[in-house]
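Read the structure below first, then the notes.
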Amino acid sequence: MIPLKKHRFWANIIGFTLIIAFIAIAVRIGRIQLIEHDEFTKRARIQQYKKVSLPARRGMILDRNGSTLAESLQVGSIYANPAEIDDVNYTTCLLNKILKLNSSKIAKLNNKNKRFVWLKRKVGDEELAAVKKLSLKGIYTQHEYHRFYRNGQLASHVIGFTNIDEKGLEGIELYFDKELSGESGYKFVNRDALQRQIITPDTKIQSPKHGNNIRLTIDANIQRITEEELEIACKKWEPSSATAIVMDPTTFEVFAIANYPTYDPNHFKKYPVNNRRNLAITDCYEPGSLIKPIIIVGIFEQGITKPNDVLFCNNGAYEINGRILHDTHGGHGNLTVSEIIVYSSNIGMSKLGMLMGKEKMYHHLRQFNFGEKTGIELPGEINGIFRPLKQWSKYSLVSVSIGHELAVTPLQFITAFCSIPNDGLLQKPRIVESIIGIDGETIKKDLNSTHKIRRVIDENIARNIMNPILKKVVTDGTGKNANLLEYDVAGKTGTSQKAQDSGGRYSHDKYVGSFIAYAPAENPRVCVLVMINEPKNGAYYGGTVSAPVVREIIRRSLLYLGIEPTKFQMTM
């Protein structure tokens with residue numbers, strides 16, 4: 001039997017211990033209530049009361065007819081709260097069978113300090129349903145939007161693409177990122193101890209403001225025609241790159257821009273960076289003989305010569321300042337000024353250039369904004385190259401007269417050239433028709449408020465002199481491969497050697513073959529430029545490699561637009 005004294009001793013010890021414990025608990029409770037109250041309230045809010053982002057839907061990109069080129073579709077994404085996961089190995093094992101998690105994701109799941117870890121974003125419906133079925137603690141799903149380009153590579157260099165967070169990275173997606181993005185909303189939700197959402201009538205919700213839609217001047221059908229014809233040419237000539245542009249020469253609206261090589265914006269990471277360059281505005285080339293009609297109009301305006309004046313073209317070889325200049329399309333004797341354009345005589349143009357003089361030549365070409373950005377609504381446009389007059393050498397006047405010593409982007413050149421079928425008026429090119437709100441109302445229209453820049457050619461010269469000359473280029477001259485049975489076509493060939501180095505030497509095996517034309521000649525509806533860079537397989541002249549492409553784009557585009565043929569062939 002235990003003595004009474006011993007009972008009292010242990011009772012006192014236990015009682016004292018309980019008193020100390022109660023005092024410690026009371027102190028701790030008091031500290032929590034009085035000192036650490038705000039901190040624990042904050043922790044409770046984090047666990048029970050959560051702000052959930054409500055993503056805004058990115059606006060659509062539409063063609064001129066309202067066809068969808070880019071849109072955002074709702075998909076599911078999967079994330080985890082590592083602090084809530086009891087058995088990481090078990091959870092990882094089950095998720096791996098569905099999501100194939102990498103080592104970095106698994107390492108993040110082991111970090112109990114983290115409250116949010118993306119496991120896989122924008123998954124397919126099957127994966128999402130399989131994860132939901134597991135009902136794993138700490139694993140959640142969330143709705144997001146995924147950018148989708150339903151036509152694949154169609155107009156990819158114009159449209160551009162977004163990253164996984166739907167931020168624009170190229171093209172229209174980048175240039176109009178703010179208008180397309182909208183503003184995300186949010187809601188506050190309560191969760192119980194098992195992290196189940198509790199719906200309460202006073203749940204605070206801020207609805208997202210969805211992005212606006214962008215309507216382009218691009219016509220998806222003409223864009224498709226252009227890409228198809230450019231691809232055919234590129235398979236035949238195997239160039240290092242190529243560009244085609246289709247523009248309305250009276251409004252300067254761009255119907256199509258196609259580049260080779262191309263890419264699919266749905267899977268842009270699978271393609272080399274160079275495939276994603278919009279060569280129509282990011283690269284420049286010496287225009288070669290394409291420049292001749294632009295120069296000739298200045299010669300006519302200044303009264304230096306008339307279309308029927310005759311110049312001797314030295315039978316194809318002419319020494320100027322110690323250099324021998326050749327005509328690439330055969331030697332000619334006497335040619336009229338008009339014929340110099342029709343047969344693309346370099347010697348004839350150099351003599352006309354010398355009659356004009358470098359000061360007048362420089363100021364005339366400056367009127368067409370060479371060396372300046374066009375201001376089109378696309379990112380990445382460059383200025384091209386047009387050196388100040390003080391930097392011209394004794395050879396520059398002749399070189400510029402035949403399209404050397406200046407470089408233009410394809411868009412710059414077609415913009416300048418379209419002033420001829422536009423009765424002499426130069427305008428800004430346009431690729432965006434309007435910005436449209438989610439309610440369908442137009443928010444902004446005619447973003448380039450001042451389309452007309454200036455008159456650069458006398459109307460009579462453009463309509464009654466240049467138009468017949470450019471028609472004859474196609475019927476009788478270097479552009480015969482662009483001639484059509486259905487429509488009158490007016491155009492100009494261009495073949496330029498590529499600069500070999502900074503010392504003024506040119507390559508003998510690398511060329512840019514170009515052709516530009518508009519039709520119907522008397523009432524133009526489309527103007528098409530094709531530039532093929534470094535064609536192979538035995539041809540490089542613009543009249544050979546590019547003119548047939550222009551011909552087919554014009555023919556198919558005008559038939560699609562419902563333009564009645566302007567030429568009628570007699571049938572037996």
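Here, residue 1 is the first one in the sequence, and each next residue gets the next number.
- Legend: salt bridge (charged side-chain N to carboxylate O under 4.0 Å, His left out) pairs involving residues 235-262, not counting sequence neighbours, sorted by first then second residue: R64-E253, E231-K235, E253-R430.
- Side-chain contact between N369 and T374: absent, with no pair of heavy atoms (C-beta onward) separated by less than 4.5 Å.
- Side-chain atoms of I172 and I431, non-hydrogen and from C-beta on, do get closer than 4.5 Å to each other.
- To the nearest 0.5 angstrom, L174 atom CG is 10.0 Å from L378 atom CG.
- Here the straight-line distance linking atom CD of E552 with atom CG of L230 works out to 13.5 Å at 0.5 Å rounding.
- A donor and an acceptor atom, one from each side chain of T442 and S434, are nowhere located under 3.5 Å apart.
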Carefully, step by step, assess V246 and I553 under the rule side-chain contact (heavy atoms from CB on, under 4.5 Å).
CA-CA 8 Å; V246 184; I553 293 173; 3.7 Å; yes
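- Within the 3.5 Å criterion, the main-chain N or O of N221 finds a donor-acceptor partner in the side chain of D219.
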Take S241 and N533, measure what side-chain contact (heavy atoms from CB on, under 4.5 Å) needs, and give me the verdict at the end.
CA-CA 5 Å; S241 62; N533 182 28; 3.1 Å; yes
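- With values rounded to the nearest 0.5 angstrom, L411 atom CG is found 9.5 Å from L529 atom CG.
- One N or O on the side chain of K122 and one on the backbone of I164 form a donor-acceptor pair closer than 3.5 Å.
- A 4.5 Å side-chain heavy-atom check between E286 and K498 finds every atom pair outside the cut-off.
- With rounding to the nearest 0.5 angstrom, the NZ atom of K428 is 15.5 Å from the OG1 atom of T251.
- The aromatic rings of F161 and F268 sit parallel, their planes meeting at an angle under 30°, below the 60° perpendicular limit.
- Scored by the ring pair (Phe, Tyr, Trp, His ring centres under 6.0 Å) test, F255 finds no partners at all (sequence neighbours excluded).
- Taking 4.5 Å as the limit, some side-chain heavy atom of Y487 sits within range of a side-chain heavy atom of L559.
- Nearest approach of K373 to I382, heavy atoms of both residues: CG-O, 3.8 Å.
- The backbone N or O of S72 sits nowhere less than 3.5 Å from a side-chain atom of R57 that would complete a donor-acceptor pair.
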Test side-chain contact (heavy atoms from CB on, under 4.5 Å) on V123 and V75; report intermediate values, then the result.
CA-CA 7 Å; V123 300; V75 294; over 6 Å; no
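- What you find for V550 and A517 is that their closest heavy atoms are CG1-CB, 3.9 Å.
- Using a 4.5 Å heavy-atom cutoff, the side chains of L558 and V526 are in contact.
- Y518 places none of its side-chain heavy atoms less than 4.5 Å from the side chain of V528.
- Side chain of R455 to main chain of D423: a donor-acceptor pair is present (N/O by atom type, distance under 3.5 Å, no hydrogens or angles).
- Of the charged side-chain nitrogens involved, none lies within less than 4.0 Å of a carboxylate oxygen, so that E229 and R551 do not count as a salt-bridged pair.
- Side-chain contact between L69 and I159 is present, with heavy atoms from C-beta onward closer than 4.5 Å.
- The main-chain N or O of P265 is never found under 3.5 Å from a side-chain atom of Y271 such that the two would form a donor-acceptor pair.
- Judged purely by distance below 3.5 Å, without hydrogens or angles, the side chains of S77 and E144 pair a donor atom with an acceptor atom.
- Inter-residue side-chain proximity for F148 and N266 is flagged as met; some heavy-atom pair is nearer than 4.5 Å.
- In this structure, S557 contributes its side chain and I222 its backbone to no donor-acceptor pair below 3.5 Å.
- For residues 408-420, the set of pairs meeting the side chain to side chain donor-acceptor pair (under 3.5 Å) definition, not counting sequence neighbours, is empty.
- With sequence neighbours left out, the ring pair (Phe, Tyr, Trp, His ring centres under 6.0 Å) criterion links F370 to no other residue.
- Identified under the salt bridge (charged side-chain N to carboxylate O under 4.0 Å, His left out) test for residues 151-175, with sequence neighbours left out: R58-E173, R121-D165, R147-E173, K167-D177.
- The closest donor-acceptor contact from the side chain of N259 to the backbone of T262 lies at 3.5 Å or more, if one exists at all.
- The number of heavy-atom neighbours closer than 6.0 Å to NZ of K536, taken from other residues, nucleotides and ligands shown, is above 12.
- The salt bridge (charged side-chain N to carboxylate O under 4.0 Å, His left out) contacts involving residues 413-422 comprise nothing, where partners must be two or more places apart or lie in separate chains.
- Here the closest heavy-atom approach between residue V545 and residue P535 is recorded as CG1-CB, 4.2 Å.
- Note that the CD atom of Q367 and the CD1 atom of I294 stand 12.5 Å from one another [nearest 0.5 Å].
- Taking the charged nitrogens against the carboxylate oxygens, R224 and E227 have no contact shorter than 4.0 Å, which rules out a salt bridge.
- Of all the heavy atoms in L279 and Y260, the pair that sits closest is CD1-O, 3.8 Å.
- The minimum heavy-atom distance between I516 and C527, with the atom names listed, is CG1-SG, 4.0 Å.
- Checked by atom type and distance alone, the side chain of N422 pairs as donor or acceptor with a backbone atom of L425 at under 3.5 Å.
- Distance OG1/T68 to CZ/R150: 4.5 Å, rounded to 0.5 Å.
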Starting from the C-alpha separation in whole Å, work towards a yes-or-no answer on side-chain contact (heavy atoms from CB on, under 4.5 Å) for R556 and E228.
CA-CA 11 Å; R556 293 178 63 186; E228 288 172 357; 2.8 Å; yes
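- Taking every heavy atom of both residues into account, P239 and A242 meet most closely at CG-CB, 4.4 Å.
- Counting only distance, with no hydrogens or angles, the side chain of T282 and the backbone of R277 share no donor-acceptor pair below 3.5 Å.
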